[in-house]
Amino acid sequence: MGKNKLKKFAEMESFDNVYQCSANELEEKDYRKLAGRRHPLAGHWHEVFGNHNPIVLELGCGHGEYTVGLAERYPDKNFLGIDIKGARMWAGAKQAKALGLSNAAFLRTNIEILPYFFSTDEIGEIWVTFPDPQMKKATKRLTSTFFLERYRLVLCDGGLIHLKTDSPFLYTYTREMLRASHIVPNIDTPDLYATEAPIDLDIRTHYEQQWLERGLTIKYLQWALPHSGQLIEPDIDIEPDTYRSYGRGTV
């Protein structure tokens with residue numbers, strides 16, 4: 001690990017807006033195997049933020065642009081960015097501190113064990129911003145039924161999920177999964193910036209800006225996730241993305 005990363009990790013230890021799980025928790029991918037089944041913070045995130053405002057998660061938050069941007073625009077909501085990449089998260093945590101945003105915080109952990117950190121109905125909304133499309137394995141996709149079942153354990157009934165992606169593959173997969181599961185999106189657009197984007201959607205992440213510079217369109221889906229109803233994987237062939245970048249393959 002480079003000296004710069006070590007410096008960032010050390011600095012994050014002093015941040016009061018960053019929560020990091022233990023090495024044992026980082027290694028575990030099945031939340032049901034963790035001792036006690038729930039983290040001590042589960043059910044107490046409103047106490048962490050010091051209010052009873054709705055809590056919104058950004059999954060795979062990277063540098064935390066959406067977490068910070070939404071926290072600036074909506075002081076009546078709490079925003080928690082989640083990622084396993086601590087060196088990236090450092091940028092958002094540092095910016096949130098510099099801006100004095102008491103409604104923005106960060107949690108370093110694996111998204112697979114999300115139910116370990118939150119209680120039922122504790123979360124109001126979830127943002128998934130530019131995740132790896134994981135074209136080889138459906139269970140690794142952050143919009144798969146594997147993950148949606150986990151989201152159901154923490155998200156309020158009918159809570160909103162937002163997906164922003166550059167990936168035609170992930171966009172098509174998610175639309176077809178919702179169709180198979182009889183969930184109708186509230187918003188579905190294959191080219192978000194073809195018209196003026198709503199205020200929530202015009203925040204541009206580090207990766208999004210690079211996709212736009214390459215001439216790629218940004219896709220957006222928003223849907224309400226009910227607690228009831230079977231979630232079904234789509235049984236169709238989807239054409240893989242034809243471009244490579246940031247470790248993304250074409251198969």
Side-chain angles (χ1 to χ4, degrees), residues 53-83 85 88-89 91-93 95-96 99 101 103-107 111 123-134 141-144 147-148 151 154-156 158-179 183-226 241 243 245-246 248:
N53 294 336
I55 297 173
V56 182
L57 304 183
E58 183 194 2
L59 303 182
C61 68
H63 296 87
E65 295 97 327
Y66 248 87
T67 298
V68 173
L70 290 172
E72 283 188 287
R73 296 178 181 190
Y74 297 96
D76 58 344
K77 292 183 179 181
N78 301 309
F79 296 89
L80 186 64
I82 299 178
D83 207 305
K85 301 289 188 180
R88 294 178 184 171
M89 183 184 293
Q95 185 183 12
L99 294 170
L101 296 174
N103 64 328
F106 294 85
L107 171 64
I111 297 171
I123 303 306
E125 294 182 43
I126 291 176
W127 285 81
V128 184
T129 51
F130 299 93
D132 189 318
Q134 299 287 353
R141 298 169 199 153
L142 292 187
T143 57
S144 68
F147 278 101
L148 289 184
Y151 303 160
V154 304
L155 190 66
C156 64
L160 294 181
I161 296 182
H162 310 259
L163 170 68
K164 283 185 76 176
T165 181
D166 60 280
S167 167
F169 177 91
L170 185 62
Y171 171 67
T172 301
Y173 163 79
T174 306
R175 292 180 81 228
E176 293 302 321
M177 182 277 299
L178 293 175
R179 189 196 309 274
I183 297 175
V184 179
N186 298 326
I187 304 175
D188 176 357
T189 175
D191 189 353
L192 180 61
Y193 299 117
T195 57
E196 185 175 351
I199 188 171
D200 288 1
L201 302 174
D202 65 358
I203 301 169
R204 297 187 180 183
T205 71
H206 171 77
Y207 292 116
E208 179 176 4
Q209 191 58 46
Q210 295 189 49
W211 300 131
L212 289 169
E213 289 171 0
R214 292 180 61 177
L216 299 173
T217 60
I218 305 303
K219 302 95 172 67
Y220 173 70
L221 282 164
Q222 180 206 98
W223 68 95
L225 182 64
D241 295 338
Y243 58 93
S245 189
Y246 310 118
R248 298 180 181 179

Could you tell me whether the side chain of [Y] reaches within less than 4.5 Å of the side chain of [X], counting heavy atoms only?
X: Thr174; Y: Pro185; result: no
X: Leu59; Y: Tyr151; result: yes
X: Leu192; Y: Leu201; result: yes
X: Arg214; Y: Asp166; result: no

Who are the side chain to side chain contact (heavy atoms under 4.5 Å, CB included) partners of [X], not counting sequence neighbours?
X: Asp83; result: Cys61, Lys85, Met89
X: Thr129; result: Glu58, Tyr66, Trp127
X: Gln134; result: Asp132, Lys140, Arg141
X: Gln95; result: Val68, Leu99

Among Leu57, Leu148, Thr143, the one residue meeting side-chain contact (heavy atoms from CB on, under 4.5 Å) with Ile161: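 For Ile161, the side-chain contact (heavy atoms from CB on, under 4.5 Å) test succeeds with only one of Leu57, Leu148, Thr143, which is Leu148.
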Can you list the residues that meet the side-chain hydrogen bond (donor to acceptor under 3.5 Å, both in side chains) rule with His162, with sequence neighbours excluded?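 Listed in chain order: Glu125, Tyr220.
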Check side-chain hydrogen bond (donor to acceptor under 3.5 Å, both in side chains) between Arg204 and all other residues, then give those that pass, not counting sequence neighbours.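 Not a single residue meets the side-chain hydrogen bond (donor to acceptor under 3.5 Å, both in side chains) criterion with Arg204.
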With sequence neighbours excluded, tell me which residues meet salt bridge (charged side-chain N to carboxylate O under 4.0 Å, His left out) with Lys219.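 Lys219: no salt bridge (charged side-chain N to carboxylate O under 4.0 Å, His left out) contacts found.
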Using the salt bridge (charged side-chain N to carboxylate O under 4.0 Å, His left out) criterion, which residues pair with Asp191? Sequence neighbours excluded.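 If we apply the salt bridge (charged side-chain N to carboxylate O under 4.0 Å, His left out) test to Asp191, skipping adjacent residues, there are no hits.
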Gap between atom [atom2] of [Y] and atom [atom1] of [X] - 0.5 Å precision:
X: Leu225; Y: Leu178; atom1: CG; atom2: CG; answer: 9.0 Å
X: Glu65; Y: Phe130; atom1: CD; atom2: CZ; answer: 10.0 Å
X: Leu163; Y: Leu142; atom1: CG; atom2: CG; answer: 9.0 Å
X: Ile218; Y: Tyr193; atom1: CD1; atom2: OH; answer: 6.5 Å
X: Ile82; Y: Leu80; atom1: CD1; atom2: CG; answer: 5.0 Å
X: Thr67; Y: Ile203; atom1: OG1; atom2: CD1; answer: 9.0 Å

Pairs flagged by salt bridge (charged side-chain N to carboxylate O under 4.0 Å, His left out) wherever residues 167-179 is involved - sequence neighbours left out: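 Qualifying pairs: Arg175-Asp188, Glu176-Arg179.
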Which residues pass the ring pair (Phe, Tyr, Trp, His ring centres under 6.0 Å) test with Phe147, not counting sequence neighbours?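 None.
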Criterion side-chain contact (heavy atoms from CB on, under 4.5 Å) on Asn103 and Asn53, from CA distance to verdict: CA-CA 9 Å; Asn103 64 328; Asn53 294 336; over 6 Å; no
State, to 0.1 Å, how close [X] and [Y] come at their nearest heavy-atom pair, and which atoms those are.
X: Pro190; Y: Thr217; answer: O-OG1, 3.4 Å
X: Asp76; Y: Pro54; answer: O-CD, 3.6 Å
X: Asp241; Y: Ser167; answer: OD2-OG, 2.7 Å
X: Leu216; Y: Leu212; answer: O-CD2, 3.7 Å
X: Ala224; Y: Gly158; answer: CB-O, 3.5 Å
X: Ala71; Y: Leu101; answer: CB-CD1, 4.1 Å

Leu160 vs Gln222, test: side-chain contact (heavy atoms from CB on, under 4.5 Å). Steps then yes/no. CA-CA 7 Å; Leu160 294 181; Gln222 180 206 98; 3.9 Å; yes
